[in-house]
Structure formats: C-alpha cells, structure tokens
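Scope of the values below: all heavy atoms of this structure, side chains included, with no hydrogens, waters or symmetry mates.
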Amino acid sequence: MSAKRKELLSLAMERTSEWISSQEIPSDITVHIGDTSFSLHKILLSKCGFIKKLTSESSNDSNISVIKIPDFPGGAEAFELAIKSCYGINLEMNAENIAMLRCAAEYLDMTEEHSVANLVETTEVYLNEVIFKSLPSSVKVLQRSEALVPMAERVKLVSRCIDAIAYVTCQESQNKDDVADVWAEYLSVLRIDMFQRVLIAMMARGFKQRTLGPVLMLYAQKALRGLEIFGKGAKKMDVEQEQKKRVILETIVSLLPRGRNAVSVSFLSMLLRAALYLETTVACRLDLERRMGLQLRQAVLDDLLIPSFNGDNTMFDVDTVQRILMNYLEFEVEGNTVDFATDIGELMESYIAEVASDRNINLVKFMGLAECIPEQSRITDDGMYRAIDMYLKVHPYISEVEKKKICSLMNSQKLSQEACAHAAQNKRLPVHIVAQVLHHEQQSLHQVLCDSDSPVAATAIAPESPPPPTLSSYNNELSKLNRENQDLKLELLKVKMTLKELEREKDFEIKSCSDCSSVSTASVVKSPLRRKSFRSSVSRKLGKLNPFGHIQGRTMTRKGRRHSIS
C-alpha cells in the first residue's frame, strides 16, 4: 500500500472514530485489526453475527470488551467499510472495494439472518448485476481478490470472476477477430496463477487457440521485464525475484498453443533466452528449442544470436542453436527424400560467420555446428568460405592439420568467381586449398573459352544477347581471357613444383634439362640472406629455372618430368 493511501486511510478511520465518539452512547467495545483500534458500540453491531457471538460470550458485560482480529481479510480498510454499513453510513460500491466488502461481510457473518438487506446480500446483488457483466470490472475484482485468498475462494469470488471473464472473452472473440489485443491488456495485470486459470477456463469454453498468442506475448513482455537476456552479464536480481520470474516463464511456456506458427519465432527466441538466463527446467528449454526448430525458416540472424549463460567464456550459445537446427532437420526430413530450404543454409552460414569471430570458440564446437548444415541447402559455398576465413583470421595460431580440417567443410568447386579470386590470394588458407581453387578456376575459364568458340553456343545465345559492337572488341576480350588462362596455368605449375620440393626436402636433386639453360645446384640450394614469404620464394626459383616455353596457348613439358595441369 502506498504511503499516500495509508495516510488517507488513517485520516478516514480517524474521522470515523471521531464520529462514533461524538454519539451520545459511549463506546463499550474495542476491536483491534492489526495495529489499528476501533472503539465501537455493541448495540449497533447487531448486524455482525461474528462480533455478536464474541460479546455474548463475554463473562463481564459491564467492562469494555476487547476483540483482536489479526487476520481480517482486507485489513483495517475492509473492516472500516463493513462497520460503516452497521452505523448506517452510505457506501459507494465499486470494482476497487467490492471484493474487500464481500470478504469482510462473510468474515463478520453479516447475513440476512441478523438483519434485512445486510452487507452479504447487497454485495452479492452488486456483483451479479454490475461486476460480472463487464470484462474490465471482472478482471479488476479478480486482481483485488488475489490478496484476499482464502476468503475469496471460500465465497467463490475467484471462480465466479474467472467464469465471467471466460464467458465474455469467448463471446467477443466469436463476434470480432480483432479484440484480443484489447482484453489482453486487461489480463496482463493478473498474477500468473490467476492468469493461467483464466486461460484454461477460456479454452474449456471453446476459445480459439490461435488468439492466445498475442495474450501470452503481452503478458510475458510485462512479467519478464528487467531480465538482461540480450547480453552477458552478472545477474542483478535477488533469489526470490528470480524464482518468481522462473515460475512465470515455465507457466507461459506450458500455455503456448501446440500448433506451428501460433507465436512468432522472435517471441520464442526471447523466451528461450529468458529460460537459459533463469535456468528453468530442462523440459522447458527443450520445448522452446523444438518450437524454434519448427519455425526456423521464419527466423533471422538476431533470433539465433543467443548469449551464452552457461559460465564459459564464449559469446554465443552454439550448443542450443545446434539443437534447434537438428530439430528443424528432424521435422523436414521425410524418408530418404530431403528438400532443404536454401534460406536455411544462408541463415546458418551467416550464424557461423558470427560465431567464428569469437576467440574463445574451439574448433570442435565450430566444426560440429558447420557439419550439421546440409550441403543441399547451400547453392554456393561463399558463406561457408567467409566463416572459415573469419575463423582462420581470429585464430591465427592453429596448426596446419587443424586448418586442413576446417577447410574440409568447404567445397571449392561451389565458390563464386569473386570468392575464388579472394581465395587464390588468401595467405591464411593451406596451399592445397589454393591449388584446388586455381585448378577449378582454370577449368571454368577453359569452359568459357570453349563455349565462346563453339558455333552452336554462339547460335544459341544470339537471340538472347546482343552481338559485340565490333570484331576488334571481341578479339581483345578473347586475348585477355587467353592471357589470364596462361597466368593461371603458370601459377598452378608453381604451386605443384613447390609441393614436390616440400615432399623431397633433403634428398632433392636438380636434373638438368637439355632444352633449358643450365642452373647451378648452389644457386638453388643456397638460402637467401633474408627470409621471404612462401610464394615470393617459389616465384624467385621459378624465374631462374623456367623450363616452360609458351607456344600459342599450349605449355611445353620438360624432359624427364611431367606435370599434369588438367
């Protein structure tokens, strides 16, 4: 109770006591309600069967009787309202005080047996004629009844309010489809146990489950406000408050409709973050993960960026997202036919690219998530390459074996032209991956040249694409492609020779070629004065021993060793 309201109540009770004391009949009974005392008259309390019974049992009627009631429903405020009716003071009943009056009248036994039109009867008439016919009033009385349990349960005030709310909402939902947001605001003020009982009563009356989504979303947003679920940090709430919110969350999850798309995936993500933060039951978290898996195609990247609350140093909860993805795969796979959505592949590739930026994510966890992404859902592997490149950039000290493992997640033949161009110059990638990319690019260019030279292809594309403006521009483009093709061939041969040198290391001996200029062994074996990069060293050596002559788009081979460039 606010301080202002306590002050007003104290002044009201003081005025009531003054009015009672001003009567000609002196007070002969004192009633203590908690810390508040009321000086009253026995003769005027004949309407209260409870007080009449206590005073009649008093052994000495001449002395002032003292009655203590420590657990009066509604406290001193409710008792004062009830006593005013005994003294003939008019009461203004409303949704704010009717619950207190009804419980106080029941406690004091103010029935028709002791007086005509007593307080029990008048409050019942007001409830039936006014309160239960209005949704806002019924919700308000139910909210006030939360503090009056068990007396409110005894007089069936709670059950009747719940039944009235369920009846009105079902009637309105049948007539109109857009009223859910209106009465959802009313229900959001209820305590979670009352809220649950209202929804159960609504569904028992045939309420449409698809309309429950907005109600649950609004209630959860208000009830779970204050949780730090969008970033890692120390919990700032006490144990009692945390337990209260945990019960609210678990109850909301249990009330979620079973059908798919009953609530948005972003709302499910919010609930899952809160469940991880509050450490709810495992069943609650698994239920939310399953629901998110069902609606994963509606998710965006922010829905999956769930912070890690499990105490480790990682930024994101990768294990939870992996279980969500596995739930999606379980529901989408039917028999041996798999039809994965490409947007899922793009979404998960974007997610692992974000995860790769975490310095504390280990290789096993990163690869475990990446391997769960179906290859059928990836049109290109550009997203996977971007994630691998980010991981190698953030983790520069991993071994060559680990680099090969992580690069095995990517199919170099599914890289776009831009990704191939980047990978060909990426020093973070292993050498054999660069060789694969260059080889694939060379094959692609060769296919382009073949298609350009084919008269059938030229005839096929003629109606769709305009002819070149001049013959010279066509020849220039063809010459440019030839030069790029030759450069790629030479680069591929350089890489292959380097691999041969690395394999042979100590026992490598240079064989002289009859059709090449001689090169001394000392000039090859001798180490340079300063250490250069791997590729520059290879280029320098190949510049000195150049056994490959270029003859109009063809590479001559060296005697004694053959290098396949196909």
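- A side-chain donor-acceptor contact under 3.5 Å links E250 to the backbone of T281.
- Residues V139 and V198 have side chains not in contact (no heavy-atom distance under 4.5 Å, counting atoms from C-beta outward).
- Environment of OH in Y167: sparse, with no more than 12 heavy atoms of neighbouring residues, nucleotides or ligands closer than 6.0 Å.
- A distance-only check finds a donor-acceptor pair linking the side chain of T251 to the backbone of V247 [under 3.5 Å].
- Side-chain atoms of L294 and F331, non-hydrogen and from C-beta on, do get closer than 4.5 Å to each other.
- I200 has its side chain out of reach of I162: every pair of non-hydrogen atoms, C-beta onward, lies at least 4.5 Å apart.
- At a threshold of 4.5 Å between non-hydrogen side-chain atoms, the residues V321 and V355 do not count as touching.
- Heavy-atom contacts from other residues, nucleotides or ligands closer than 6.0 Å to NZ of K222 number more than 12.
- Side-chain N or O atoms of K403 include none that pairs as donor or acceptor with a backbone N or O of L429 at under 3.5 Å.
- For the pair R246 and E279, the salt-bridge criterion is not met [side-chain N within less than 4.0 Å of a carboxylate O].
- Side-chain contact annotation: S416 with D382, donor-acceptor N/O pair under 3.5 Å present.
- To the nearest 0.5 Å, the span separating CG on L409 from SG on C407 amounts to 8.0 Å.
- Counting non-hydrogen atoms of other residues, nucleotides and ligands closer than 6.0 Å to CE of M367 gives a total above 12.
- Between K393 and D389, none of the side-chain N atoms (NZ, or NE/NH1/NH2) sits under 4.0 Å from a carboxylate O, so this pair counts as no salt bridge.
- A donor-acceptor pair under 3.5 Å is absent between the side-chain atoms of S134 and the main chain of I131, judged by distance alone.
- Put simply, the side chain of F195 reaches to within 4.5 Å of the side chain of L216, judged on heavy atoms.
- Of all non-hydrogen atoms in M390 and S357, the two that sit nearest each other are CG-N, 3.9 Å.
- No more than 12 heavy atoms of other residues, nucleotides or ligands lie within 6.0 Å of CZ in R154, so this atom counts as exposed by the packing criterion.
- A salt bridge between K244 and D238 is absent, with no side-chain N of the basic residue lying under 4.0 Å from a carboxylate O of the acidic one.
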Inset, instruction - Could you please spell out the steps behind the side chain to side chain contact (heavy atoms under 4.5 Å, CB included) verdict for I361 and F316? - result: CA-CA 9 Å; I361 190 76; F316 305 109; over 6 Å; no
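- The shortest distance between side-chain heavy atoms of L256 and L288 falls below 4.5 Å.
- Between the side chain of E146 and the main chain of R191, a donor-acceptor pair closer than 3.5 Å is present.
- No donor-acceptor pair closer than 3.5 Å links the side chain of R386 to the backbone N or O of S350.
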Inset, instruction - Show your working on side chain to side chain contact (heavy atoms under 4.5 Å, CB included) between M202 and R205 and close with a plain yes or no. - result: CA-CA 5 Å; M202 289 165 57; R205 282 188 172 270; 6.0 Å; no
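- Partners of H422 according to the side chain to side chain donor-acceptor pair (under 3.5 Å) rule, which considers only residues two or more places apart in sequence or in another chain, are Y385.
- A salt bridge is defined here as a Lys NZ or Arg NE, NH1 or NH2 lying under 4.0 Å from an Asp or Glu carboxylate O, and D317 with R273 fails to meet this definition.
- Residue pairs meeting the ring pair (Phe, Tyr, Trp, His ring centres under 6.0 Å) criterion with at least one member in residues 351-382, sequence neighbours excluded, are F366-Y391.
- Here CD of Q196 is found 5.5 Å from OG of S254. Values are rounded to the nearest 0.5 Å.
- The two residues Q295 and L268 make their nearest non-hydrogen contact at OE1-CD1, 3.9 Å.
- Of all heavy-atom pairs between L325 and M348, the closest is CD2-CE, 3.9 Å.
- Between the N94 side chain and the N97 main chain, a donor and an acceptor come within less than 3.5 Å of each other.
- No donor-acceptor distance shorter than 3.5 angstrom exists from the side chain of D287 to the backbone of C284, with no hydrogens or angles considered.
- In summary, E330 and R323 do not engage in a salt bridge, as defined by a charged side-chain N under 4.0 Å from a carboxylate O.
- The distance from the SG atom of C170 to the CE atom of M203 is 10.5 Å, given to the nearest 0.5 Å.
- Across all their heavy atoms, R160 and V155 have their closest contact at NH2-O, 3.2 Å.
- In this structure, T314 and N360 approach most closely via the heavy-atom pair CG2-O, 3.6 Å.
- Judged by distance alone, with hydrogens and angles left aside, the side-chain atoms of E402 form a donor-acceptor pair with the main-chain N or O of S399 at under 3.5 Å.
- I324 approaches L272 most closely through the heavy-atom pair CD1-CD2, 3.9 Å.
- The shortest distance between side-chain heavy atoms of I98 and V130 does not fall below 4.5 Å.
- Annotation: side chain of R197 is in contact with side chain of V158 (closest heavy-atom distance under 4.5 Å).
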